[in-house]
Trainee: 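So that we are looking at the same thing, I have put the structure below in structure tokens.
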Amino acid sequence: MAESKNFIHQIIDEELKPGGRVYGQKIHTRFPPEPNGYLHIGHAKALEIDFGTAEAYGGICNLRMDDTNPTKEDEEYVEAIKEDIHWLGHDWEDRFFYASEYFDQMYDFAVELIKKGLAYVCELTPDQMREMRGDTKTPAQSPYRNRPIEESLDLFARMRAGEFEDGKMTLRAKIDLASGNFNMRDPVIYRINHLPHHRLGDKWCIYPMYDFAHPIEDALEGITHSLCSLEFEAHRPLYDWVVNNISVECKPRQIEFARLGITHTVLSKRKLRAMIESGIVSGWDDPRMPTLCGLRRRGYTPASIHNFSERNGVAKINSVVDFAFLEYCLREDLNEHAKRAMAVIRPIKLIIDNYPEGQTEEFDVENNPKDESMGTRKVSFSKELWIEAEDFMEVPAPKYFRLYPGNEVRLKSAYIVKCVSCDHDAEGNVTAVHCEYDESSRGGNPADGRKIKSTIHWVNAADCIDAEIRLYDRLFTTEQPDLADCNYLDFINPDSLTVVKGAKLESSLADAAPEDRFQFLRNGYFCADSKDSKPGALVFNKAVSLKDSYKPEA
Ligand code: ATP
Ligand code: MG
């Protein structure tokens with residue numbers, strides 16, 4: 001077990017030893033989403049690391065909305081984020097926070113830094129600051145760096161009071177203008193922004209920068225380990241500088257891990273939002289979206305997402321995982337746990353000429369052959385059935401072993417039938433297939449043990465129900481639509497959704513509830529749509545195919 005621990009857990013193990021940084025303490029992490037969009041599969045990885053690490057050590061994890069940026073934040077997102085996290089099975093109990101709750105303390109810490117001579121009000125415009133940031137050989141400059149403490153205190157108070165317009169002044173930490181790490185070259189820690197905040201209205205017109213705010217939030221909440229993605233690595237010295245120079249007891253440690261990327265999709269909230277706004281998808285929960293609510297609506301289970309996140313591991317190098325691996329994890333879970341059912345997606349009538357008119361019989365069929373405890377159900381059978389149109393060929397192609405005149409197939413769990421003829425309409429299209437059944441083969445096994453090459457599924461035309469089926473393909477036609485030098489919108493797959501109306505389902509599916517998941521025999525795994533499926537007007541999403549195109553490395 002010990003060898004398989006990820007590097008974060010190895011660090012924590014060391015720190016928990018006697019004399020270690022957090023010896024005797026409860027491990028305390030946080031998940032800090034910015035409420036400017038819905039969570040996606042990349043966040044599932046961060047959740048697994050933040051909540052999962054706390055759970056692994058008997059610790060706790062806070063949920064904190066990172067709402068220090070006044071723009072584009074919305075209660076709709078806050079509620080959706082909570083719902084998605086609960087759906088995955090994580091809980092923050094009573095530890096739900098908004099970063100903006102700490103604005104007063106952040107302001108006080110900024111004043112503390114000014115008083116210590118560790119921060120100053122700078123009047124360079126953003127353009128001037130860029131021009132004066134220097135390069136690897138030249139230090140940055142600011143003519144305001146040695147401004148007297150009293151003057152900075154006065155100006156900072158007036159910044160807060162709203163005396164100055166946006167961009168006129170900033171508060172900068174006084175660290176090291178010559179640092180090889182540009183984040184340490186007197187970074188801006190407060191800026192003026194006359195924008196109302198989604199929770200606090202116009203209380204503030206100055207807002208703290210992320211690099212200043214985040215370590216304070218962590219420290220105030222008593223976070224022991226601030227786990228974040230790799231892009232914050234170069235910001236860690238600033239994180240440490242902040243917690244070490246303000247009066248807080250808790251000195252959390254930031255540890256970075258690699259972001260998850262996934263093929264054939266994009267994982268940036270901004271890009272996902274653009275696809276919704278341009279009507280490419282129907283919303284955040286469109287079943288083609290890599291959002292948690294989209295995946296859920298598509299048919300993904302919390303277990304499949306956990307397994308996916310866990311197996312991807314925790315590393316220090318960003319990687320892009322094949323979407324097929326996510327599908328593999330879902331297929332594996334549904335194979336174990338989903339009820340089986342018969343559904344004919346593109347139906348054609350099958351008439352059993354020698355079956356008595358008006359007769360009905362029932363077969364007891366296992367709900368899941370992998371799990372006896374899931375019980376059996378009754379499937380009815382009569383003279384007229386529906387089968388998949390593609391299970392019949394009037395003139396069989398080479399190696400076609402399903403129905404064609406003269407050939408026998410097994411109707412799953414029912415009887416062996418032999419095709420005798422078919423009907424055509426005026427244009428010559430096949431309208432019905434005729435066959436004769438072998439009465440002695442009840443249950444699907446021929447009495448003489450003769451070999452039957454194909455088994456096909458069917459539903460009873462007398463009591464089946466109509467449904468709409470939505471079939472999905474990749475949202476993007478290329479593996480990495482997200483590469484810097486291309487426009488991801490150029491790679492939208494125009495055929496990512498196919499709607500099939502008039503599919504025929506076995507009658508046991510009549511009471512399928514939203515989000516119920518099934519294996520439709522031979523067709524794949526399907527999930528009753530949570531928005532559009534209603535009793536009497538069922539809609540199913542194809543979650544994943546049965547075929548395993550993905551081979552995980554041994
Ligand atoms: P996006 O670019 O999708 O908007 P973000 O990083 O801005 O992502 P946040 O809401 O700030 O999104 O993310 C909350 C947490 O989730 C952060 O700790 C962030 O590091 C983590 N996170 C976001 N995307 C990924 C990803 N693809 N893989 C791993 N962790 C991620
Ligand atoms: Mg962000």
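In listed order, ligands and their atoms are each counted from 1. Residue indices begin at 1 and follow the sequence shown.
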Trainee: Just going by heavy-atom distances, which of R30, E231, H43 is nearest to atom 16 (O) of ligand 1?
Mentor: H43
Trainee: Decide whether the shortest distance between a heavy atom of R270 and an atom of ligand 1 is less than 4.0 Å.
Mentor: no
Trainee: Would you say L227 and ligand 1 have an N/O pair spaced under 3.5 Å apart?
Mentor: no
Trainee: Say whether D66 and ligand 1 are in contact under the criterion: heavy-atom distance to a ligand atom below 4.0 Å.
Mentor: no
Trainee: Closer than 3.5 angstrom, by distance alone: can the side chain of R297 be matched with the main-chain N or O of D529 as a donor-acceptor pair?
Mentor: no
Trainee: Does a side-chain heavy-atom distance below 4.5 Å link Y144 with V121?
Mentor: no
Trainee: Considering only heavy atoms of L267, which atoms of ligand 1 have at least one such atom less than 4.0 Å away?
Mentor: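 Ligand 1 atoms under the 4.0 Å threshold to L267: 3 (O).
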Trainee: Assign the ring pair H214 / Y239 to parallel, tilted or perpendicular, where the plane angle (0 to 90°) is split at 30° and 60°.
Mentor: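 Ring orientation of H214 relative to Y239: tilted.
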Trainee: Could you tell me whether the side chain of L39 reaches within less than 4.5 Å of the side chain of P33, counting heavy atoms only?
Mentor: yes
Trainee: Short list, please: which atoms of ligand 1 are under 4.0 Å from a heavy atom of G42?
Mentor: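 Per the distance check, 25 (C), 26 (C), 27 (N), 28 (N), 29 (C), 30 (N), 31 (C).
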Trainee: Regarding ligand 1, does S268 bring an N or O atom to under 3.5 Å of one of the ligand's N or O atoms?
Mentor: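 S268 vs ligand 1: no N/O contact under 3.5 Å.
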Trainee: Hey, could you give me the OH/OG1 distance between Y488 and T265, rounded to the nearest 0.5 Å?
Mentor: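 Interatomic distance, Y488 OH to T265 OG1, rounded to 0.5 Å: 10.5 Å.
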Trainee: Check D495 against D473 and note the closest heavy-atom contact, atom names and distance.
Mentor: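 Looking at all heavy atoms of both residues, the shortest contact is O-CB, 3.7 Å.
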Trainee: Is there a polar contact, in the sense of an N or O pair closer than 3.5 Å, between N36 and ligand 1?
Mentor: no
Trainee: Find all atoms of ligand 1 within a distance of less than 4.0 Å from any non-hydrogen atom belonging to F257, and give their numbers and elements.
Mentor: 29 (C), 30 (N)
Trainee: Have a look at P32, S229, P35, P33 and point out the one with the heavy atom closest to atom 19 (C) of ligand 1.
Mentor: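 Minimum heavy-atom distance to atom 19 (C) of ligand 1 goes to S229.
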Trainee: Is the ring pair F526/F520 parallel, tilted or perpendicular, if the boundaries are 30 and 60 degrees?
Mentor: parallel
Trainee: Is there a polar contact, in the sense of an N or O pair closer than 3.5 Å, between L260 and ligand 1?
Mentor: yes
Trainee: Any atoms of ligand 1 less than 4.0 Å from a non-hydrogen atom of F31? List them with their elements.
Mentor: 15 (C), 16 (O)
Trainee: Please confirm whether H86 and W92 have ring centers closer than 6.0 angstrom.
Mentor: yes
Trainee: Considering both backbone and side-chain atoms of K269, is one of its nitrogen or oxygen atoms within less than 3.5 Å of a nitrogen or oxygen in ligand 1?
Mentor: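 Yes, since at least one N or O of K269 sits under 3.5 Å from an N or O of ligand 1.
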Trainee: For E93, look at atom CD and say whether over 12 heavy atoms of other residues, nucleotides or ligands are found less than 6.0 Å away.
Mentor: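 Check passes, neighbour count above 12.
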Trainee: With heavy-atom distances below 4.0 Å as the criterion, list the atoms of ligand 1 near H40.
Mentor: 3 (O), 24 (N)
Trainee: Distance under 4.0 Å to a non-hydrogen atom of A46: what atoms of ligand 1 satisfy this?
Mentor: 16 (O), 21 (C), 30 (N)
Trainee: Decide if the gap between the ring center of Y38 and the ring center of Y77 is smaller than 6.0 angstrom.
Mentor: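 Yes: the rings meet the under 6.0 Å criterion.
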